[in-house]
Colleague: 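Input: one structure, supplied below.
Letters A, B, ... are given to chains in the order of the sequence lines, protein chains preceding strands, and every chain is numbered from 1.
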Amino acid sequence: MLDIALLRTSPEVISRSMERRGLDIPLGDLVGMEARIRKLRHQADQLRASQRSLGKEIATLTGDQKQQAIQRARSMSNRIKEMNSQTNADSEEFYQQWHTLPNLVDPTAAEGLTEEDSEEIKRVGEIPRFDFQPADHDSLGETLDVIDTKRAAKMAGSRFGYLKGKAALLEFALIQWSMDHLVEAGLVPMVTPVLVREMALFGTGFFPGDRQQVYEVPADDLFLAATSEISLAAYHADEILNPDDLPLRYAGFSSCFRREAGTHGKDTRGIFRVHQFDKVEMFSFTRAEDSATEHERILGLEEKLVQELELPYRVVNVAAGDLGASAAKKYDIEAWFPSWNTYREITSCSNTTDYQARRLRIRMKAPGGNRLVHTLNGTAVAIGRVIIALLENHQQSDGSVVMPKALLPYLGFDRIDPP
RNA sequence: GGAGAGGUGGCCGAGCGGUCGAAGGCGCUCGCCUGCUAAGCGAGUAGGGGGUUUGUAGCUCCCUCGAGGGUUCAAAUCCCUCCCUCUCCGCCA
């Protein structure tokens, strides 16, 4: 959610940002609506003030005088109720629109509207050359008997997978290995709830915009979190943080659930895009002036992890039009996938500035009034995607897959061989 | 799932229709005092929004005592709905 003050003082800033996202939003209507609401509310406030002081007088009066005063107060009260129901209706209409406005785009976010407009920042690592025809992760998973999507489909439908045998162990190693790094970097490890309230989804900007991507548990008014970003962000909802404690950094592990609505026919093979996967996620709460630096730090941590996994990758600055509602700027790390002969996203980190903090009311003590903090999130390990990137990039001519050195202390084996 | 208790400021806790955004205590901040520390003394100490204003100053108004609705001239106090927490019993990883 944006600062309403901005709508009053410089709506052109908002317009320019919406343009960069490729959105055409008639701000004029909002400006007028907001001014009207504020004016009417102020009038009602003034009337309420008189009513209240009259009310105090009533307490001291008796007899006729009292009855007359009560009469006057009653009509004031009725008038105020009318005014309030009008402003409440207007205000609801206003916020319905206001809540859908995405965050202001950072000046340094890449120009453009689509994924193709991402700005490549760098490429790191050697793309593997195979002297045989490399297999894709789906067939590798099947021949090695470590990923089973067929039986998953029978059991739960499409876009699910079983991790089996050494792939299952690989997941646990990835979790422990990444957590060790993140704890070392000062993050507080967390295992977070996956069932969340609407408030948390609204607060993080997934609602109302991406509602169709989220699984719902209607009997209990809960939702399955699409990422632990949601539960980590809302962890400090409604709190006023001590600036001396900032930045607060967390590493959350959880399963993630996504309906993948509107992706029919896309990435149908294997487990690149599934309804459920596990993920280690980083999340930071910072002072406003520190969020840009924090964003680079998170990217740095992500790169370090991908490098240790010996995966070739590139970093892209995501185009303005391709940003999520809450992000002002986003970096994706895309790992090389031999079977697609291209780079595909395996991590993503966003600076959401004060957009989520405003919705979740997360502030910090500051002289002259509390200030909103900034929030940032980034993928440490999207386990499914990392596993398939490892399978594809580290496959050998004999059909086996060699594990990266960094994981060996966590694994108990150094390769996955065909059965 | 059954029975009961309760949700008030950073915390504890009083208030149960009017002058209450709210006694008292603890904590915290600033000042005084005291060789130092402790103790003591004094002052301050919730959040959000609006108006005024060059103003993150001052003044002022409104809202907020779990959330939402209602009764009333007037609600922390009365009524309704919901949410949450705690205790006991049952069930359960």
Colleague: OP1, OP2 of B:A74 versus side-chain N and O of A:Gln51: anything below 4.0 Å?
Modeller: yes
Colleague: Which is more 5' along RNA chain B, the nucleotide nearest A:Lys365 or the one nearest A:Ser53? Just name the residue.
Modeller: A:Lys365
Colleague: On a whole-Å scale, what distance lies between the P atoms belonging to B:C28 and B:A38?
Modeller: 10 Å
Colleague: For the pair A:Trp336 and A:Tyr343, name the ring-plane relationship: parallel under 30°, tilted 30 to 60°, perpendicular over 60°.
Modeller: perpendicular
Colleague: Taking only side-chain N and O atoms of A:Arg41, does any of them lie within less than 4.0 angstrom of OP1 or OP2 on B:C61?
Modeller: no
Colleague: If only side-chain N and O atoms of A:Arg197 are considered, is one of them under 4.0 Å from the OP1 or OP2 phosphate oxygen of B:C84?
Modeller: yes
Colleague: Determine the Euclidean distance between corresponding C1' atoms of B:G13 and B:A76; express it in Å to zero decimal places.
Modeller: 14 Å
Colleague: Of all of residues 65-77 of chain A, which get a heavy atom below 4.0 angstrom from RNA chain B, listed by number?
Modeller: A:Lys66, A:Ile70, A:Ala73, A:Arg74, A:Ser77
Colleague: Kindly point out which of B:G47, B:C73, B:C61 is positioned nearest to the side chain of A:Ala49?
Modeller: B:C61
Colleague: Report yes or no: do A:Thr379 and A:Arg385 form a side-chain donor-acceptor pair below 3.5 Å?
Modeller: no
Colleague: Can you tell me how far apart CD1 (A:Ile298) and OG (A:Ser284) are? Round to the nearest 0.5 Å.
Modeller: 4.0 Å
Colleague: Taking only the side-chain nitrogens and oxygens of A:Arg8, find out if one of them lies under 4.0 Å from OP1 or OP2 of B:G50.
Modeller: yes
Colleague: If you look at every strand shown and take non-hydrogen atoms under 4.0 Å, does A:Leu54 touch a base, only sugar-phosphate, or nothing?
Modeller: nothing
Colleague: Using the P atom in both, what is the distance from B:C20 to B:C82, to the nearest Å?
Modeller: 35 Å
Colleague: Work out how far the P atom of B:G50 is from that of B:A57, and round it to whole angstrom.
Modeller: 14 Å
Colleague: Could you check whether the rings of A:Tyr95 and A:His99 sit parallel, tilted or perpendicular, using 30° and 60° as the cut-offs?
Modeller: tilted
Colleague: Taking a pair as Watson-Crick or G-U wobble with both distances under 3.5 Å, which nucleotide is matched to B:C78?
Modeller: B:G70
Colleague: Identify every side-chain donor-acceptor pair in residues 363-370 of chain A under 3.5 Å, counting partners at least two apart or on other chains, and give the distances.
Modeller:
none

Colleague: For atom P, what is the distance between B:G4 and B:C80, given to the nearest Å?
Modeller: 16 Å
Colleague: When you check the phosphate oxygens OP1 and OP2 of B:C73, does a side-chain N or O of A:Lys81 lie under 4.0 Å from one of them?
Modeller: no
Colleague: Is there a side-chain contact between A:Arg361 and the phosphate of B:G48, meaning an N or O under 4.0 Å from OP1 or OP2?
Modeller: no
Colleague: With a 6.0 Å cut-off on ring centres, are A:Phe223 and A:Phe206 close enough?
Modeller: no
Colleague: Just wondering, more than 12 heavy atoms not from A:Glu239 lying within 6.0 Å of its CD?
Modeller: yes
Colleague: Please report the distance separating the C1' of B:G18 from the corresponding atom of B:A43, rounded so that it comes out in whole Å.
Modeller: 31 Å
